Participant: 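To start, I am sharing the structure in question, which I have written as structure tokens.
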Amino acid sequence: MKYWLFKSEPDDFSIDDLAASDKQTTFWFGIRNYQARNFIRDELQPDDLILFYHSSCAVPAVVGTAIVVSEAQTDNTAFDPQSPYFDAKSDPSKPRWLGVDIQFQRKFATPVTLRFIKQDEQLQRMYLVQKGNRLSIQPVTEDEWQRILTLGGAQ
DNA sequence: GCCAACGTTGGC
DNA sequence: GCCAACGTTGGC
């Protein structure tokens, strides 16, 4: 089992939106970066755990956790010309983009802010705070997972 | 709105 | 295969 961090813009889809989804589950679509796609295709497994991160907002922070509940599946928004995630070069017989179903686990009592992560000794090496990193799906170590959950008031 | 740091595209 | 131009991400 592995740990991950998923970024989402809360104006688009927040942890509350996930919690309010049918069965508290949603298909994670719109990943259009090859490195992130490769994580989905090659490494993400059911039962993997996710730090849910709010980006591009007033207070960027890890706001809760979720769990992977499906294998990788075709992201059909790539074939929809109406979708902002449309990709004319993705061939339906050979889908280029994938997603997984994720299910809400918990919302933190205390969001763990980017600002805090940057100055926390135990979290210095998180992918999130490495220079220039913009990946929307990132690996997280078990130690980082434990530390974030403690800080979030989940343990 | 700015801009650093990437990733992608396409001409050569 | 190189690399300049362009587009995107995302914190501030």
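Here is the naming used below: chain letters follow the sequence lines, and residue numbers restart at 1 for every chain. Note that the coordinates shown come from a computational prediction; the quantities given were computed from them, not determined experimentally.
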Participant: Return yes if a side-chain donor-acceptor contact under 3.5 Å exists between A:Thr74 and A:Asn76, otherwise no.
Facilitator: no
Participant: Using a cut-off of strictly less than 4.0 Å, decide whether A:Tyr53 has a side-chain nitrogen or oxygen near OP1 or OP2 of C:dT9.
Facilitator: no
Participant: Would you say C:dG10 has OP1 or OP2 under 4.0 Å from some side-chain N or O of A:Lys7?
Facilitator: yes
Participant: Rounded to the Å, how far apart are A:Asp11 CG and C:dG10 C1'?
Facilitator: 13 Å
Participant: Kindly state each residue pair satisfying side-chain hydrogen bond (donor to acceptor under 3.5 Å, both in side chains) with at least one member in residues 44-60 of chain A, sequence neighbours excluded.
Facilitator: A:Trp4-A:Asp48
Participant: Round to a whole Å and report the spacing from CD1 of A:Ile117 to P of C:dC12.
Facilitator: 11 Å
Participant: Starting at atom CG of A:Leu135, determine the distance to atom P of C:dT9, rounded to an integer number of angstrom.
Facilitator: 12 Å
Participant: Check the distance between C:dT9's P and A:Asn133's CG and give it to me in whole angstrom.
Facilitator: 13 Å
Participant: So, A:Trp28 versus A:Phe52, ring centres under 6.0 angstrom or not?
Facilitator: yes
Participant: What integer distance in Å separates A:Arg32:CZ from C:dT9:P?
Facilitator: 11 Å
Participant: Heavy atoms under 4.0 Å is the rule here; annotate nucleotides 1-8 of chain C 5' to 3' with B where the base is hit, S where only the sugar-phosphate is, and - elsewhere.
Facilitator: ------BB
Participant: Could you please spell out the steps behind the ring-ring contact (aromatic ring centres under 6.0 Å, His included) verdict for A:Trp97 and A:Phe86?
Facilitator: CA-CA 10 Å; A:Trp97 304 115; A:Phe86 178 63; over 10 Å; no
Participant: Output yes when A:Asp120 and A:Arg147 qualify as a salt bridge under the 4.0 Å nitrogen-oxygen rule, no when they do not.
Facilitator: yes
Participant: For A:Arg115 and C:dG10, what is the distance between atoms CZ and C1' respectively, to the nearest whole Å?
Facilitator: 17 Å
Participant: Under the side chain to side chain contact (heavy atoms under 4.5 Å, CB included) test, which residues partner A:Ser70, sequence neighbours left out?
Facilitator: A:Gln73, A:Val100, A:Asp101
